[in-house]
Amino acid sequence: MWGLQSPYNIRQVHFGNHLYYSPSRHCYSSPPVCFISLSTKTTESSKNNNQLIQSLCKQGSLKQALQVLLKEPNPSQQTYEVLIYSCAHKNSLSDGLYVHRHLIDSGFDQDPFLATKLINMYAELGSIDHARWVFDKTRERTIYVWNALIHALAMVGHGEEVLHWYSQMNWSGISSDRYTYTYVLKACVNSESAIFPLQKGKEIHAQILRHGHEARVHVMTTLLDMYARFGCVSNASSVFDAMPVKNSVSWSAMIACYAKNDMPMKALELFQQMIREEHDSVPNSVTMVSVLQSCAALAALELGKLIHGYILRRGLDSILPVLNALITMYGRCGKLELGQHLFDQMRKRDVVSWNSLISNYGMHGFGRRAIRIFEKMTNQGISPSPISFISILGACSHASLVEEGKILFESMVSKYGIHPSMEHYACMVDLLGRANRLDEAIRIIEDLRIEPGPKVWGSLLGSCRIHCNVKYAERASKALFELEPWNAGNYVLLADIYAEAKMWTEVKRVKKLLEARGLQKIPGCSWIEVKRTIYSFVSLDGSNPQNEQLHAFLQKLSKEMKEQGYVPQTKVVLYDLDEEEKEKIILGHSEKLAVAFGLINTAKGETIRITKNLRLCEDCHSVTKFVSKFANREILVRDVNRFHHFKDGVCSCGDYW
DNA sequence: TTAGGGTTAG
């Protein structure tokens with residue numbers, strides 16, 4: 001089924017008492033051949049040679065070890081083991097093939113121990129065909145041999161094949177062990193080919209319980225992680241709660257599950273519980289990365305600073321991913337300078353550190369600064385990653401640096417050999433679309449050689465919302481309704497566009513479609529951190545904190561603003577109502593409630609920091625500009641895309657967002 | 001002999 005022929009041809013020539021081999025894919029220049037004696041006597045010199053080969057490998061001198069191997073007629077199993085490990089470590093497929101050939105000639109080709117090692121080696125060297133070939137040729141397939149193949153296939157995402165061999169293994173009378181289960185569960189997650197991978201994962205879950213592995217912490221953590229990656233948070237949490245034995249890894253996996261599935265509050269609560277209740281499972285650097293991610297998502301600066309203190313006390317502040325996560329946390333909490341300071345102090349940086357900094361500046365609208373950092377990175381010899389380009393193109397987009405973005409995009413292939421992915425095309429559509437160059441944006445989509453994905457169409461629809469372009473919005477939403485019919489945001493965007501164009505019949509039609517599909521508009525939510533507590537506000541929700549007081553405050557504010565020329569931008573309301581009703585609705589937007597709460601509950605002169613789950617509406621934007629001047633306050637708002645820094649009646653986005 | 005959790009984007 002998967003081609004089990006020898007992946008390489010070996011010419012075999014009889015030459016006196018020796019066999020002469022010349023593996024065709026060898027890259028050896030010297031010596032090009034090897035001579036293997038057929039003698040089987042173990043001599044003192046043989047013992048010495050074996051020891052020498054092993055010690056040369058351990059010192060990292062693989063080439064020298066191979067020279068000794070040439071002279072040695074009787075390499076031991078252990079010698080081959082060390083050689084195989086060394087080839088994998090040196091990342092040399094040609095040497096690996098050579099050792100493999102040598103091993104076959106020495107009669108070790110049916111040794112299941114070495115077959116396992118060879119499969120592992122080929123998997124590490126990225127040659128799955130060779131791994132399969134070894135498996136095929138091995139007659140005595142121990143659980144180690146099976147696990148090695150299943151692991152090798154799982155690592156490269158061949159999920160369907162993993163599941164095939166998994167059932168073959170059980171059918172052949174070998175029972176899965178705890179290792180098999182972890183590999184198979186991983187394969188469900190990484191699979192590009194398996195049909196209904198979540199369903200398969202659930203079946204494996206049942207088998208794990210049936211075979212009494214529920215106390216195996218590795219297996220259960222992998223299971224928890226599988227559910228987390230499929231977004232099944234309640235399943236993950238049930239597995240976690242039922243685990244009789246937990247350790248730092250299982251706690252971290254559950255915290256990461258919440259952090260990755262848009263539940264940062266739950267992640268932070270669980271972290272607190274971990275510190276309070278668990279004395280054996282101590283948070284480590286991996287735990288802290290997810291915790292920082294959660295602070296960043298909430299823009300919880302004070303909490304983030306507390307966590308930073310904890311990291312320092314625990315001595316985790318020199319670990320690169322922790323530092324990178326700290327840079328991002330400070331950036332997302334509106335403290336660019338703290339992120340920059342950390343970056344400057346780092347003794348070692350990787351491409352993620354640079355990307356984090358670039359994206360921070362990009363999100364704050366400092367596009368040119370982001371480009372300078374990108375250039376500094378490449379000048380220092382650090383190769384940009386695909387994510388570097390997503391960050392820098394996003395930065396160009398927020399700052400309306402269209403030409404600069406186009407040049408960078410072209411350099412991806414020409415200068416760095418990185419082929420743009422769908423995400424990169426989505427960035428380009430966003431860059432052009434935001435700048436009202438919608439014809440160019442649609443041309444990018446039309447010229448794609450592959451089927452445009454939802455991110456590309458989503459970028460176009462977002463741009464159509466900004467520029468109220470009904471024609472392209474209808475085209476984008478038609479594609480999106482097919483690609484992701486469950487995404488309520490797309491229906492709302494289209495309805496917004498129709499509402500702005502006063503096409504009320506169409507607004508009703510889209511709303512009906514939304515209801516018919518059992519979907520609901522995502523409610524606008526804003527939150528603010530005051531004295532290390534996070535207060536969240538939902539539009540038109542009577543249960544908001546200090547509700548009466550906030551509404552009275554906003555009514556008064558609205559009156560004063562009107563006297564100074566403010567005109568409520570009621571076009572953002574999706575309903576065909578009279579102006580007064582519309583005004584009432586926009587005055588109850590969650591972001592205005594959070595601004596009012598901030599003004600009432602923070603000290604004069606203190607910067608107000610607000611975060612919002614959606615894009616900032618035009619009316620909230622102009623009201624916040626007004627308030628920043630009227631109340632003489634700096635107000636920092638992070639919406640779903642970027643930061644807005646309001647000061648003296650002006651916003652850092654230059655009204656371009 | 002083999003295993004589990006984390007960083008950057010949109």
Side-chain angles (χ1 to χ4, degrees), chain A residues 77-78 81 84-85 112-117 119-120 123 142-152 154 177-186 216-226 228-229 236 240 243 246-257 259-260 281 283-294 296 316 319-329 331-332 350-360 362-363 384-395 397-398 421-427 429-430 453-456 458-459 462 640-642:
Chain A
Q77 187 198 48
Q78 202 188 349
E81 185 197 357
I84 290 167
Y85 177 82
F113 177 86
L114 289 179
T116 307
K117 299 293 169 195
I119 294 172
N120 292 339
T142 61
I143 183 71
Y144 294 106
V145 176
W146 280 101
N147 282 348
L149 179 78
I150 289 174
H151 187 207
D177 66 2
R178 56 192 194 274
Y179 297 95
T180 325
Y181 287 122
T182 57
Y183 303 144
V184 176
L185 288 168
K186 280 262 158 239
R216 300 274 186 199
V217 69
H218 276 87
V219 176
M220 298 318 275
T221 306
T222 316
L223 186 63
L224 181 169
D225 186 58
M226 178 207 73
R229 284 170 204 268
F240 180 73
M243 281 173 80
K246 295 185 182 84
N247 61 17
S248 298
V249 181
S250 25
W251 280 88
S252 301
M254 195 60 225
I255 291 170
C257 169
K260 284 260 163 70
S281 307
N284 57 25
S285 63
V286 180
T287 328
M288 297 325 294
V289 168
S290 291
V291 171
L292 287 171
Q293 234 186 351
S294 305
L316 300 168
I319 296 166
L320 199 49
V322 174
L323 283 165
N324 293 342
L326 275 167
I327 293 172
T328 302
M329 185 275 288
R332 297 291 181 281
D350 63 2
V351 70
V352 180
S353 326
W354 289 92
N355 292 350
S356 306
L357 199 66
I358 291 167
S359 96
N360 277 358
M363 257 195 127
S385 68
I387 292 178
S388 309
F389 282 99
I390 289 173
S391 310
I392 195 68
L393 291 174
S397 186
H398 292 312
S421 68
M422 198 61 85
E423 279 83 1
H424 295 108
Y425 287 112
C427 288
V429 170
D430 186 68
K455 282 174 187 167
V456 174
S459 291
V640 73
N641 293 320
R642 60 165 295 156

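When reading the values below, keep in mind they use all heavy atoms of this one structure, side chains included, and skip hydrogens, waters and symmetry mates. It should be emphasised that the depicted structure is a prediction, and the values quoted were computed from it without experimental measurement.
For the pair A:Trp146 CH2 and B:dA3 P, the computed distance is 19 Å after rounding to whole Å. The nearest whole Å value for the distance from the CZ atom in A:Phe113 to the P atom in B:dT2 is 9 Å. With rounding to whole Å, A:Met363 atom CE is found 7 Å from B:dG10 atom P. Between the P atom of B:dT8 and the CG atom of A:Leu323 lies a distance of 14 Å, rounded to the nearest Å. The separation between A:Leu224 atom CG and B:dG5 atom C1' is 9 Å, rounded to whole Å. The distance between atom CG of A:Asn355 and atom P of B:dG10, rounded to the nearest whole Å, is 11 Å. One interatomic measurement links the two molecules: CZ of A:Arg642 to P of B:dG10, which rounds to 11 Å at whole-angstrom precision. As a whole-Å value, the separation of A:Glu81 CD from B:dT1 C1' is 7 Å.
Looking at the side chain of A:Ser290, the nearest of the listed nucleotides B:dA3, B:dG6, B:dT8 is B:dG6. When each of B:dG4, B:dG10, B:dA3 is scored by its nearest atom to the side-chain atoms of A:Val217, the top-ranked nucleotide is B:dG4. Which of B:dT2, B:dG4, B:dT7 sits closest to the side chain of A:Pro321 comes down to B:dT7. Distance from the side chain of A:Ser250 is smallest to B:dG4 among B:dT8, B:dA3, B:dG4. Of the listed nucleotides (B:dG6, B:dA3, B:dG5), B:dG5 has the atom at the smallest distance from the side chain of A:Ser248. Here the nucleotide nearest the side chain of A:Tyr183, chosen from B:dA3, B:dG6, B:dT7, is B:dA3. Considering only side-chain atoms of A:Ile390, the nucleotide from B:dG10, B:dG4, B:dT1 that sits closest is B:dG10. With distances taken from any side-chain atom of A:Ala256 to the nucleotides B:dT8, B:dG10, B:dG6, the minimum falls on B:dG6. Distances from the side chain of A:Asn147 to the nucleotides B:dA3, B:dT8, B:dT2 place B:dT2 closest. Closest to the side chain of A:Thr328, from the set B:dT2, B:dG5, B:dT8, is B:dT8.
A:Thr287 comes within contact range of at least one nucleobase, with a heavy-atom separation under 4.0 Å. The residue A:Arg178 sits close to a base: some heavy atom pair falls under 4.0 Å. Across all strands, A:Ser285 comes closer than 4.0 Å to base atoms (heavy-atom distances).
Of the side-chain N and O atoms in A:Arg229, one or more sit less than 4.0 angstrom from OP1 or OP2 of B:dG6. Regarding contacts with the backbone of B:dT7, a side-chain N or O of A:Gln293 is found under 4.0 angstrom from either OP1 or OP2. Between A:Lys246 and B:dG5 there is no side-chain polar atom (N or O) within less than 4.0 angstrom of OP1 or OP2. Dashed line: the shortest gap from a side-chain N or O of A:Gln77 to OP1 or OP2 of B:dT1 is not under 4.0 Å. Listed pair A:Lys117 / B:dT2 fails the phosphate criterion, with no side-chain N or O lying under 4.0 Å from OP1 or OP2. Side-chain N/O atoms of A:Lys186 include none lying less than 4.0 angstrom from OP1 or OP2 on B:dT2.
Put simply, the side chain of A:Asn247 and the base of B:dG4 share a donor and an acceptor less than 3.5 Å apart. No donor-acceptor contact under 3.5 Å links the side chain of A:Asn641 to the base of B:dG10. At a cut-off of 3.5 angstrom, the base of B:dG4 holds no donor-acceptor pair with the side chain of A:Thr222.
Residues satisfying the ring-ring contact (aromatic ring centres under 6.0 Å, His included) test with A:Tyr183, not counting sequence neighbours, are A:His151.
At distances below 3.5 Å, at least one donor-acceptor pair connects side-chain atoms of A:Ser459 with backbone N or O atoms of A:Ala426. Remark: the backbone N or O of A:Ile327 is paired with a side-chain donor or acceptor of A:Asn360 at under 3.5 angstrom. In this structure a side-chain-to-backbone donor-acceptor pair under 3.5 Å is missing from A:Asp225 to A:Ala228.
Defined by atom type and a distance below 3.5 Å, a donor-acceptor pair is missing between the side-chain atoms of A:Asn355 and A:Asn324. There is a side-chain donor-acceptor pair under 3.5 Å between A:Ser421 and A:His424.
Both thresholds, 5.5 Å between centres and 30° between ring planes, are not jointly met by A:Trp354 relative to the base of B:dT8, so the two rings are not stacked.
A cation-pi arrangement is not found for A:Lys117 relative to A:Tyr85, the charged atom failing to lie both closer than 6.0 Å to the ring centre and inside a 45° cone about the ring normal.
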